K.L.:
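Got a structure for you, questions after.
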Number of protein chains: 2
Amino acid sequence: MSNTRTQILDLGEELIRTRGFNAFSYKDISEKLGIKNAAVHYHFPSKEALGTAIIQQSIDLFIVKEKQWNQLSSKEQLLDFINIYQKSHDKNWSCLMGALSSSVDSLPSTMQNKLTKMAEYILNRLTQTLIEGLKKGEFHFDEEPRAKAELIISSLLSSLLLSKVMHGQIFESIVQSIILSVNLKTK
Amino acid sequence: MSNTRTQILDLGEELIRTRGFNAFSYKDISEKLGIKNAAVHYHFPSKEALGTAIIQQSIDLFIVKEKQWNQLSSKEQLLDFINIYQKSHDKNWSCLMGALSSSVDSLPSTMQNKLTKMAEYILNRLTQTLIEGLKKGEFHFDEEPRAKAELIISSLLSSLLLSKVMHGQIFESIVQSIILSVNLKTK
DNA sequence: GTCTATACCTGGATAGAC
DNA sequence: GTCTATCCAGGTATAGAC
């Protein structure tokens with residue numbers, strides 16, 4: 001088994017989400033983990049392989065979380081989704097999509113493809129939550145559920161980005177707007 | 001006078017907004033302009049100087065545009081603001097803020113500072129437009145104008161980013177949501 | 001699975017001629 | 001203002017020993 005592999009993946013994700021894919025090197029990883037450059041290459045022969053695996057790990061984690069949503073109300077699902085971003089905000093990290101999308105044209109094509117898959121998967125799942133919540137009367141809004149899902153994901157994604165640049169309470173403010181916009185009463 | 005300087009600035013901005021700051025080099029610029037690496041360095045001694053000047057140029061352009069807003073209704077101001085992003089979307093570019101914010105921690109501090117200034121300037125100006133439009137009865141919404149401005153900028157910014165990753169009509173969908181959300185009747 | 005050593009390349013940057 | 005030439009640092013990646 002290889003704990004090192006997991007450590008590389010996690011550290012790589014952190015580096016992408018704090019500095020960007022093109023701003024970190026194998027050296028950043030090897031030094032922090034106390035190993036050598038070549039050891040990182042043993043686990044991930046190329047930076048492309050590493051980047052692709054990091055996106056895949058993120059997809060896998062979301063699928064695990066999403067499976068748990070079946071036990072939750074639609075309202076709880078949405079709040080749990082927002083909570084993913086809340087935890088990122090607390091660390092001053094962007095989300096993986098926000099970190100990679102701006103430079104997607106400079107990324108290897110395997111990473112581009114996986115990123116597209118991730119975006120569609122998450123968007124579809126959140127849309128489903130909104131549709132069910134509407135049906136069950138947990139949410140109230142007039143727009144198309146998919147359009148609403150796009151707006152929610154978009155605003156959460158960039159609230160993390162703007163938080164890195166601006167001072168103030170932009171994240172909290174955006175979350176409030178979202179909750180209002182689905183007409184969800186919180187306690 | 002130096003037309004080359006302007007060409008470098010414009011091309012640099014394009015490269016940042018299509019690939020990201022850490023994914024382009026002096027070579028990308030010199031080759032495209034048919035000059036040599038050293039000529040680029042003559043105009044911008046360091047990449048930091050170039051990046052900072054690009055942000056400044058963007059601020060200057062916004063100030064020019066914003067001055068013209070004094071002749072327009074609040075509704076027209078908002079639509080003109082959205083149109084800035086529409087033009088970016090047509091070229092499949094992100095906005096400068098979206099392009100730089102994700103990797104802000106990897107940028108030279110002069111760029112970081114200027115980026116913060118730009119964000120605050122634009123956000124303040126859009127907030128002002130929303131306040132005036134509310135007062136004059138051109139818009140109708142309940143949230144705080146600043147929170148609404150944050151939501152509009154956030155969703156526009158990331159609709160450009162997500163457009164690069166996803167297929168579909170996310171940009172158009174987001175624009176519709178924004179227009180609905182200020183209760184603005186378009187023709 | 002990790003090491004040493006190294007190859008190879010690209011990138012930012014500068015000196016000095018024109 | 002642009003060129004040639006060059007320096008140096010850093011980055012990805014590989015070969016082969018342990």
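Fair warning: this is a prediction, and the values are worked out from it, not measured in the lab. Reminder, nothing fancy here: chain letters follow the sequence lines and each chain counts from 1. When reading the values below, keep in mind they use all heavy atoms of this one structure, side chains included, and skip hydrogens, waters and symmetry mates.
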K.L.:
Expressed as a whole number of angstroms, how long is the span from B/H43:NE2 to D/dC3:C1'?
P.N.:
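Checked: the NE2 to C1' distance equals 12 Å.
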K.L.:
Nearest whole Å is fine: how far is D/dG10 P from A/K47 NZ?
P.N.:
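Distance, rounded to whole Å: 15 Å.
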K.L.:
Could you tell me if A/E143 and B/S177 have a donor-acceptor pair between their side chains, going purely by distance under 3.5 Å?
P.N.:
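The criterion, which ignores hydrogens and geometry beyond distance, is not satisfied for A/E143 and B/S177.
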K.L.:
Strictly distance-based, threshold 3.5 Å: is any side-chain N or O of B/D28 a donor or acceptor partner for the main-chain N or O of B/F24?
P.N.:
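Between the backbone of B/F24 and the side chain of B/D28 there is no qualifying donor-acceptor contact (under 3.5 Å).
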K.L.:
OH of B/Y42 versus C1' of C/dA13: gap in Å, rounded?
P.N.:
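For the pair B/Y42 OH and C/dA13 C1', the rounded distance is 17 Å.
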K.L.:
Under 4.0 Å: is that the gap between some side-chain N or O of A/S46 and OP1 or OP2 of D/dT12?
P.N.:
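For A/S46, the contact criterion (side-chain N or O under 4.0 Å from OP1 or OP2 of D/dT12) is not met.
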K.L.:
Rounding to an integer number of Å, can you tell me how far A/K36 NZ sits from C/dG1 C1'?
P.N.:
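Result: 15 Å.
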K.L.:
For D/dT2 and B/T4 - does any side-chain N or O of the residue sit under 4.0 Å from the phosphate oxygens OP1/OP2?
P.N.:
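Affirmative; the distance criterion is met.
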K.L.:
Round to a whole Å and report the spacing from CD1 of B/I8 to P of D/dG1.
P.N.:
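In whole Å, D/dG1 P and B/I8 CD1 are 11 Å from each other.
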K.L.:
Test B/I55 against every option in B/Q112, B/M97, B/M111, B/E13 by the side-chain contact (heavy atoms from CB on, under 4.5 Å) rule and name the one that passes.
P.N.:
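Filter result, single survivor: B/M111.
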K.L.:
Could you go through the side-chain contact (heavy atoms from CB on, under 4.5 Å) check for A/I152 and A/L130 one step at a time?
P.N.:
CA-CA 11 Å; A/I152 290 174; A/L130 292 178; 4.2 Å; yes
K.L.:
For DNA chain C, find the residues of residues 19-29 of chain B with a heavy-atom distance under 4.0 Å and give them by number; none if there aren't any.
P.N.:
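The answer is B/F24, B/S25, B/Y26, B/K27.
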K.L.:
Once you round it to whole Å, what is the distance between C1' of D/dT4 and CD1 of B/I35?
P.N.:
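Taking CD1 of B/I35 and C1' of D/dT4, I get 15 Å after rounding.
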K.L.:
Check A/E66 with A/R125, please: is the shortest side-chain N to carboxylate O separation under 4.0 Å?
P.N.:
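A/E66 and A/R125: salt-bridged.
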K.L.:
Calculate the interatomic distance between B/H41 atom NE2 and D/dA5 atom C1'; express it in whole Å.
P.N.:
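It is 14 Å, rounded to the nearest whole Å.
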K.L.:
Look at atom NZ of B/K91 and say whether more than 12 heavy atoms of other residues, nucleotides or ligands are closer to it than 6.0 Å.
P.N.:
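Atom NZ in B/K91 is packed in, count exceeds 12.
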